[in-house]
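Heads up: the structure comes next, in structure tokens.
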There are 4 protein chains.
Amino acid sequence: MAGKLKIALLGAGRIGKLHGTNVQNVIPDAEIIVVADPFMNDDMRAWAASVGIPYCTDKMDEVFENPEVDAVFICSSTDTHADLMIKAAKAGKHIFCEKPIHTDVAKIEEALAAVKEAGVKLCVGFVRRFDHNHKTVRDTVASGQLGRAHVIKITSRDPAAPPMEYVKVSGGIFLDMMIHDFDMARYLAGSDVTEVTAYGACLIDPDFAKYDDVDTAIVMLKFANGAIGVIDNSRQAPYGYDQRTEVHCEKGCVQVANDLNNTSMISTAEGVTCAKPTWFFLERYNNAFIYEVKEFVDAVLNDKEVLVSGEDGLAPVKIAIAAKKSLLEGRPVKISEI
Amino acid sequence: MAGKLKIALLGAGRIGKLHGTNVQNVIPDAEIIVVADPFMNDDMRAWAASVGIPYCTDKMDEVFENPEVDAVFICSSTDTHADLMIKAAKAGKHIFCEKPIHTDVAKIEEALAAVKEAGVKLCVGFVRRFDHNHKTVRDTVASGQLGRAHVIKITSRDPAAPPMEYVKVSGGIFLDMMIHDFDMARYLAGSDVTEVTAYGACLIDPDFAKYDDVDTAIVMLKFANGAIGVIDNSRQAPYGYDQRTEVHCEKGCVQVANDLNNTSMISTAEGVTCAKPTWFFLERYNNAFIYEVKEFVDAVLNDKEVLVSGEDGLAPVKIAIAAKKSLLEGRPVKISEI
Amino acid sequence: MAGKLKIALLGAGRIGKLHGTNVQNVIPDAEIIVVADPFMNDDMRAWAASVGIPYCTDKMDEVFENPEVDAVFICSSTDTHADLMIKAAKAGKHIFCEKPIHTDVAKIEEALAAVKEAGVKLCVGFVRRFDHNHKTVRDTVASGQLGRAHVIKITSRDPAAPPMEYVKVSGGIFLDMMIHDFDMARYLAGSDVTEVTAYGACLIDPDFAKYDDVDTAIVMLKFANGAIGVIDNSRQAPYGYDQRTEVHCEKGCVQVANDLNNTSMISTAEGVTCAKPTWFFLERYNNAFIYEVKEFVDAVLNDKEVLVSGEDGLAPVKIAIAAKKSLLEGRPVKISEI
Amino acid sequence: MAGKLKIALLGAGRIGKLHGTNVQNVIPDAEIIVVADPFMNDDMRAWAASVGIPYCTDKMDEVFENPEVDAVFICSSTDTHADLMIKAAKAGKHIFCEKPIHTDVAKIEEALAAVKEAGVKLCVGFVRRFDHNHKTVRDTVASGQLGRAHVIKITSRDPAAPPMEYVKVSGGIFLDMMIHDFDMARYLAGSDVTEVTAYGACLIDPDFAKYDDVDTAIVMLKFANGAIGVIDNSRQAPYGYDQRTEVHCEKGCVQVANDLNNTSMISTAEGVTCAKPTWFFLERYNNAFIYEVKEFVDAVLNDKEVLVSGEDGLAPVKIAIAAKKSLLEGRPVKISEI
């Protein structure tokens, strides 16, 4: 494909604006030519103008009919992802889709089938794969220098719990939050997950229980390659976003610590204090959001493989559903049951 | 009790010599006056002489009849601990007993009953409670400064797998190795464990499977106080002894890293290298072994409470048995089932 | 001042392009409207087009006559800075000037007088003041929480020596490289330097000696507020850019370590390896270059004080000249001698 | 020499008791057979009894006449070291002597001559050479793996200033405190110091000035092998004993951080806190004191070279005198001037 990749942004909420700003400012090989949002408003229009996007509309379908559009970024609400993906595929547009594709496995499979039939590129936005730290873990494991993977450990804790309004419609901790870690587990292990067992508790706020949800969870995993693993999640780590991964292999271990706000150490008679981790995902994965889009643009322009496939978008959803089932039924659940 | 505590050492293998040497060299308030070992040999006698122990015998029973003896250190093979404990209790001797008391719950209960009836002090040798790192985690949690405990995480990996001869009679990874971590879990959480689920695999050496054992395991725990936790064990971490603990609480997290051989950092064009963790338990828990005995001696001499009670000796055995059951049956197991 | 700040970029070499790209992409309140470079070429024009700069010229003077231009960024060769500053001041343009203003004290004083007379804003490009690490050191000291500053220590080592062609015209290690650290010393101490003593050696390459220069240097400093300090520089740290600062005060110490490429730790039987520091100033001070310009734009638009004044531009030049004198004469040299 | 090394302890103050306790408890190849102290008192006798030393006297000369004594540990006040060393040498006793041998160069030379003539072993107590951290720095440099040494940096800061009574007779910061670092500099560089320049200030307590002393000092060094270096000292680092060393070489850098009380990290909304460095030299160099004596005992028993020779005892005294001269005269001072 010659020239710049011309992108239509579908959905201009927080994540849509983030991607849009990145494309306009720091991705020289791409440009947003239209923003479509059914709830288009003045704030969105002002933002679009400020980053040099020439056109805004509240009609999503315009985008699919526009022959100028090479690719779409699906950044709308989760329930609309799959249908937009199907429309985009049918219109022959390449697709970057925020996670999750959907929370219903059948719907995801329908969307993936459409993508396959259309032969367009699809990349799902599991942004943590592009983080300089986690990527180092994965690359070290994938290089084979440490031999076979034995144990995958992931710590993932949000700095503050979302409002109950959000919790209510979130799909629960496994589909909303740990889904990132299920993807990370597959990415680090280089293998599919075959079974999970979940423990969970409401320790931050008893109201989570009202929605059959928990705010604190630990999940053990079995992988197809024989490795085992564990993920722990909390909705509230008051010291900041806690994002650590660790893989133990035959010949050694690779692990990454949190990024900190700075490297300072202040030593006094009272003690030694260091900087806290970067606050939340916008701070921690700031550069990863850029690399993610760069890789997608490069994959489309130069016909390379995308780094997070449709299958990679489906698998964590299944694992999340299995984890929820395990929690509710108090037993190990195989992914093949889902 | 006035003057020095007079101790009989029962069993002069590796751990017996370690405690004996510590008592003679660095515990001014105690002295070993006799070593009894049914397999008493020249090597043991030479060691006893070198640390100034005046008398050796191969007759364990002499010790119980000796009115000079205030306390016994039970450092013989595991299967003899409970019976020696009962004899010592009946003879009115205070008891320091290496872990585990026994692998049979009924036998442990019998021994604890004897101790209770005799009214002697009993301390069980869960040495890691005296480690400067883990103790800091526990003290921080126990202080309440971080609020209620939510998640307890323990990493415990040995540097090298034991010989298969040992594995065969070890009782399996849960009773032999993870038992330390089950104790640590109770110690850090300040609460009893109520349920476990175990995942395990033979990744180091397939021969572990011959003995219904695994070499790699992850166990999730539920605690009576509502917290949840996870422990991971490996029989072989080629970089050295990996001993880390971490507790997440309402207001924050306390965690400890490994002790390293030194604090060096060597930076070259090829990379940055640091020292490895201290090799194994003798190096890592060197000082903890001393504090453990100091505390016991102090508890007896000054009639204080011991820091690892008989009940603390029993509980991890039950958890280990439950973990093994979970692994074999592929389901969560409640401790109350044991 | 209403609207965006309209900037003329004077000099489109490496640093000019860096600032220009940042202004165009990530400084919403400013825009480059013209690039002037006496050696304007196709490469510069292509770059300008790629970041949306509408006009290029090889005539610097056009800029001063252009009433649209609010401010100039002086990024040309060092020997031209002072004269351009004078012209810009006379034309009533605000000035961002790369360091150093000049290597001749009288010439700097002449330029500063012109700026003062014109009443325009002037900010000198000591970018390290805007680094998240060093800024934390400075802010901690300036807050007074640690009491009076006692000792300032700065480590500053480049990853690789420049070519001898550059060394020849560089002005020597003190004016070319340690000048950043002299500025840092004043910034961290919150006080002027009054005396220096320099030790130096040619340990990387004996050819430095051909130009009365050294490749390795240590300089001790006395400050007006009674503190003392030390800076060490090397032209070649093969492991990467080594940029650490440390201030010891009455009540404690604040120090910062290097930023690393990632937080990974790989542990094997052979040892433990970590990531290296970010490679050089473009990587390490990437964000600082952005903050620096943001602050300048804000100072001009909102009539605030600039963070690196003309006086801050002059003082390190004097210290550098004194350090060179100290090295050559083998004695402490007071800044008042310069 | 067959059997245990029989040692007479000369001086039973703090450091004498420390060495005596170590010999009795953890050095199996040696024993203290007599303690001589002109101020022998009940406290010293009680201590001697508690560690199993059979005989105490207030007559130092008895020791030299006692044919049972193989070696003496000179732990008396500094001004008596040289004369005792001469007596011991003449009596054919091997000598471990606390630092410094004396503060007068001529007196040291006289004592060293006596040692040389007698052909006895002499080891001077620069204990930091035996520290696991600094020794790693030295061994890395000495191995040649990093190539030629370029820059030696030493940070050495005491947790609390001594009483003025002590300062008055201490000989000043260079002879009393930095002398350890001058030895460390020679040890790490593997080369003699040829010149120093000192900066100093009274920032902790103005009373230091009453005794021509300073409480804060930085000294630059030139080494015979072309390397340069810097040491900074403070009498008061409220966060604890700060003992770091760092050597930059042709191919890279080796550095060591402080030992900490534990590896804990506590993270809350308020910040992240870590443990402080071990408090002072008794804590930090606890093991080094043991290795130091082990090495001396081994050198005598097996006729090996001692690790800190008489010359190593003299050189730092000369450097300290030169540093004081530099501070008072405000100029670089060559060691050859002393």
Side-chain angles (χ1 to χ4, degrees), chain B residues 4 21-29 31 47 49-52 131-141 143 145-147 243-275 277-278 284 286-287 290, chain D residues 4 21-29 31 47 49-52 131-141 143 145-147 243-275 277-278 284 286-287 290:
Chain B
K4 284 191 175 191
T21 301
N22 280 341
V23 169
Q24 296 301 90
N25 286 345
V26 291
I27 311 281
D29 291 336
E31 61 185 317
W47 164 76
S50 79
V51 296
D131 175 65
H132 58 300
N133 291 334
H134 306 314
K135 194 173 183 312
T136 302
V137 175
R138 188 262 185 183
D139 290 352
T140 303
V141 175
S143 76
Q145 68 188 85
L146 299 181
Q243 297 281 298
R244 288 172 284 152
T245 53
E246 181 172 323
V247 181
H248 293 268
C249 301
E250 203 178 338
K251 296 178 192 164
C253 166
V254 52
Q255 60 193 297
V256 287
N258 287 311
D259 279 347
L260 307 180
N261 286 319
N262 57 62
T263 64
S264 68
M265 188 166 83
I266 299 177
S267 306
T268 69
E270 281 70 43
V272 176
T273 60
C274 300
T278 50
R284 166 63 189 263
N286 184 35
N287 284 321
I290 293 172
Chain D
K4 282 193 177 190
T21 301
N22 281 341
V23 169
Q24 296 303 90
N25 286 347
V26 291
I27 313 279
D29 292 336
E31 60 184 319
W47 164 77
S50 76
V51 296
D131 175 66
H132 58 299
N133 290 334
H134 305 315
K135 193 172 182 316
T136 302
V137 176
R138 188 265 187 181
D139 290 351
T140 303
V141 174
S143 76
Q145 68 188 85
L146 298 182
Q243 298 277 299
R244 290 172 283 151
T245 53
E246 180 172 326
V247 181
H248 293 268
C249 300
E250 204 177 337
K251 295 177 192 165
C253 166
V254 51
Q255 60 193 298
V256 287
N258 286 313
D259 279 348
L260 306 182
N261 286 321
N262 56 63
T263 64
S264 69
M265 189 165 82
I266 299 176
S267 305
T268 69
E270 281 70 44
V272 176
T273 61
C274 300
T278 50
R284 166 64 189 263
N286 184 34
N287 284 321
I290 294 171

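Every chain is numbered from 1, with letters handed out A, B, ... down the list of sequences. The structure displayed is predicted, hence computed values, not measured ones. The figures here come from the full heavy-atom set of this structure, side chains too, leaving out hydrogens, waters and symmetry mates.
Of the listed residues (D:Asn133, D:Val26, D:Thr140), the greatest number of heavy-atom pairs within a distance under 4.5 Å of chain B belongs to D:Asn133. Contact tally against chain B (heavy-atom pairs below 4.5 Å) for D:Leu260, D:Asn25, D:Val247, D:Val51: the top residue is D:Asn25.
Each salt bridge (charged side-chain N to carboxylate O under 4.0 Å, His left out) pair with one or both residues in residues 246-261 of chain B, not counting sequence neighbours, appears once here: A:Arg244-B:Glu246, B:Lys153-B:Glu246, B:Asp259-B:Arg284.
Using a 4.5 Å cut-off between heavy atoms, D:Asp131 makes no contact with chain B at all. Residue B:Thr136 touches chain D through its side chain alone, counting heavy-atom pairs closer than 4.5 Å.
Across every non-hydrogen atom of D:Ala257 and B:Thr263, the tightest pair is O-OG1, 2.7 Å.
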Enumerate, atom names and distances included, each donor-acceptor pair closer than 3.5 Å involving a side-chain atom of residues 265-273 of chain D, sequence neighbours excluded.
| from | atom 1 | to | atom 2 | distance (Å) |
| --- | --- | --- | --- | --- |
| D:Thr268 | OG1 | D:Glu270 | N | 3.1 |
| D:Thr268 | OG1 | D:Glu270 | OE1 | 3.3 |

